[in-house]
Amino acid sequence: MDFMGYRRPNGSVGIRNHVVVMSSVACANGVVNAIGRQLPAVKTITHTEGCGRGPTDITISWRTLTGLGKNPNVAALLVVGLGCEFIPAAGLAADVAGTGKPVEALVIQEKGGSRKTTEAGMSIAKQMLADADRQKREACDWSDVILATNCGGSDALSGVTANPLVGSVSDWLVSRGGTTMLSETTEMIGTEHVLSRRADTPEIGRQIYNLIMKQRKQAQDILGPLAHMVISPGNIEGGLSNIMEKSMGCIIKAGTTPLKEVSEYAVGPTRKGFVIMDTPGSDIFSVTGMAAGGAQVMIFTTGRGTPVGFPIMPLIKVASNSELYNTMEDDMDINAGRLLEGTGIQEATDDFVDLLTRVAGGQETKAEINRQDILSINTVSPPF
Amino acid sequence: MKNSVVVINPKDNVGVVIKDIRKDETVIGGVSSTIRAVDDIPKNHKIALVDIPAGSPIIKYGEKIGFAGEMIAAGRWVHTHNLKVEDT
């Protein structure tokens, strides 16, 4: 037994037991929020998508919302739709129902408006909350856990203290049969040869090499003369000499084990160990993609400090330096700055694993306590 | 006594100083090793842990992050002025 979690009908393991009310389209957000205001125990998922996009974006949004519903931290799901959108509530509900968890759908145009839908939704959500309350935690194994990693608001020490510490935790989790997920393709630019060398097979090596090269070109196409900002004057002033050094400081979060799989945005891994998901460097989009890929918990490192959290996945916030940890104590869970003050990497890793175990068993992270629930779905084209 | 340089991977030939270092200051890091700084080195910047011949790889995170554009003696500041990359 590694920790106490919630076992779902399909065998997956949750570390939270959230009842989620989700909109299938932005037009239903008001109803979802109304249910959330009156039932603060539910987690609401609202977003800007669900309609008015091209087929590629609809596909991404659909699989992101489905993935969030399927996330093992979700005990039960109520989807609220409008009725004329591209991503119908019933379609999302049917996709998630395959997990065996309780799923319901409501459509505003069929129910006769927002108030009637809110009332009906409250009644469903109340029942789901009562049922979820009766579920008990059981002994679960780390091998069923996907740990997402992300960095945001980085500083010169992120790649010296926080990210190497997370790498050490990643190696520990993989040694226990679990999965650690690296993301933020933009921040892998310059390390394509390192990651392809670490790939488990030549095919995976080619995938990661091509993915990073595509991202490199995209950064040049979109940012144009600003592409060099991927490494900024501030980075260089801070002591980083080139993009590869900066990116090495980012990918060290995944530790040192072989790369087992590369997946698209919001697509969950099929293999255990070290995996990569293609997400943007922009934090909220990246965090959302990994939660949709089934990650139950995330480690988020920061040097400047950020309060962000996620509705259904606890974020463990790691400060790269003691000054940040002390000034933003209400938002930080771990101080990696200790590594500069005489604490060894093994002791810091052991303490981190202790906290990870407590969080998996139900202890709230700072972002959960502060209800910093933020979510954005990635898109590739403008709306129309 | 607190270390003033962090070495991330045992293979590395550069470390990161965690405070501003003055020329001739003795820098403590790794396992009871000391280096005399040859340059002033700004906080969070890199210091050469050993002599790195011109053209040799500069190793951080256990990986080559560039090569020495000139002979870099132990204790020197390592940055864009002497760390070169093949493709930019």
Side-chain angles (χ1 to χ4, degrees), chain A residues 154-165 167-168 189-195 197-198 213 216 220 227-228 230-231 233-256 303 320-323 336-345 348, chain B residues 1-21 27-33 37 39-49 52 56-70 72 76-88:
Chain A
S154 297
D155 73 348
L157 287 173
S158 294
V160 177
T161 56
N163 293 351
L165 174 58
S168 178
I189 293 172
T191 64
E192 47 274 1
H193 57 293
V194 176
L195 286 170
R197 188 176 356 107
R198 278 179 59 189
M213 293 315 272
R216 189 193 276 263
Q220 277 155 0
H228 68 276
V230 184
I231 179 151
N235 288 149
I236 292 171
E237 199 182 319
L240 297 174
S241 300
N242 57 48
I243 184 67
M244 191 218 163
E245 182 184 5
K246 181 188 175 188
S247 295
M248 280 305 304
C250 174
I251 69 166
I252 192 75
K253 295 196 298 297
T256 57
S320 74
N321 62 87
S322 297
E323 193 187 352
R338 291 167 71 205
L339 292 170
L340 305 181
E341 292 154 13
T343 305
I345 185 89
Chain B
M1 184 164 179
K2 279 186 196 175
N3 288 354
S4 44
V5 60
V6 177
V7 181
I8 294 166
N9 187 292
K11 291 180 197 158
D12 293 355
N13 57 13
V14 291
V16 176
V17 299
I18 59 173
K19 63 185 188 72
D20 288 327
I21 300 292
V27 176
I28 302 163
V31 183
S32 71
S33 60
D39 300 309
D40 289 347
I41 305 174
K43 181 180 171 183
N44 300 331
H45 282 233
K46 294 179 289 297
I47 184 172
L49 301 172
I52 307 171
S56 293
I58 292 172
I59 312 284
K60 187 182 172 190
Y61 298 102
E63 296 287 348
K64 178 183 171 185
I65 58 163
F67 64 91
E70 61 193 41
I72 303 176
R76 296 220 65 157
W77 177 34
V78 177
H79 201 20
T80 46
H81 59 284
N82 55 10
L83 186 161
K84 304 295 171 193
V85 285
E86 284 99 328
D87 62 322
T88 49

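Letters go in sequence order (proteins before strands), and every chain restarts at 1.
Between A/Leu340 and B/Lys19, every side-chain heavy-atom pair lies at or beyond the 4.5 Å cut-off. Residues B/Thr80 and A/Ile236 form a side-chain contact, since some pair of their non-hydrogen atoms from C-beta on lies under 4.5 Å apart.
Between A/Leu240 and B/His79, the closest heavy-atom pair is O-CE1, 3.3 Å. Minimum heavy-atom separation, B/Ile8 to A/Gly159: CD1-O, 3.6 Å.
In terms of heavy-atom pairs under 4.5 Å with chain B, the best-connected choice from A/Ile251, A/Ile345, A/Ile252, A/Thr161 is A/Ile252.
A distance of 11.5 Å separates OG1 in A/Thr191 from OH in B/Tyr61, rounded to the nearest 0.5 Å. Interatomic distance, CD of A/Glu245 versus CG of B/Leu83, reported as 7.0 Å (0.5 Å rounding). In this structure, NZ in B/Lys84 is found 11.0 Å from CG in A/Asn242, a value given to the nearest 0.5 Å. To the nearest 0.5 Å, atoms NZ (B/Lys64) and CE (A/Met248) are separated by 13.5 Å. Atoms CG and CG, from B/Asn44 and A/Leu157 in turn, are 4.5 Å apart once rounded to the nearest 0.5 Å.
Under a 3.5 Å cut-off, the side chain of B/His45 and the backbone N or O of A/Glu237 do form a donor-acceptor pair.
The environment of B/Glu70 atom CD is dense: over 12 non-hydrogen atoms of other residues, nucleotides or ligands sit within 6.0 angstrom.
Contact of A/Leu339 with chain B is not made at all, since no heavy-atom distance falls under 4.5 Å.
Applying the salt bridge (Lys or Arg N to Asp or Glu O under 4.0 Å) rule to B/Asp39 yields the partners B/Arg76; only residues at least two apart in sequence or on another chain are considered. For B/Asp40, the salt bridge (Lys or Arg N to Asp or Glu O under 4.0 Å) partners at least two apart in sequence or on another chain are B/Arg22.
A salt bridge does not link B/Glu63 to A/Arg198: none of the charged nitrogens lies less than 4.0 Å from a carboxylate oxygen.
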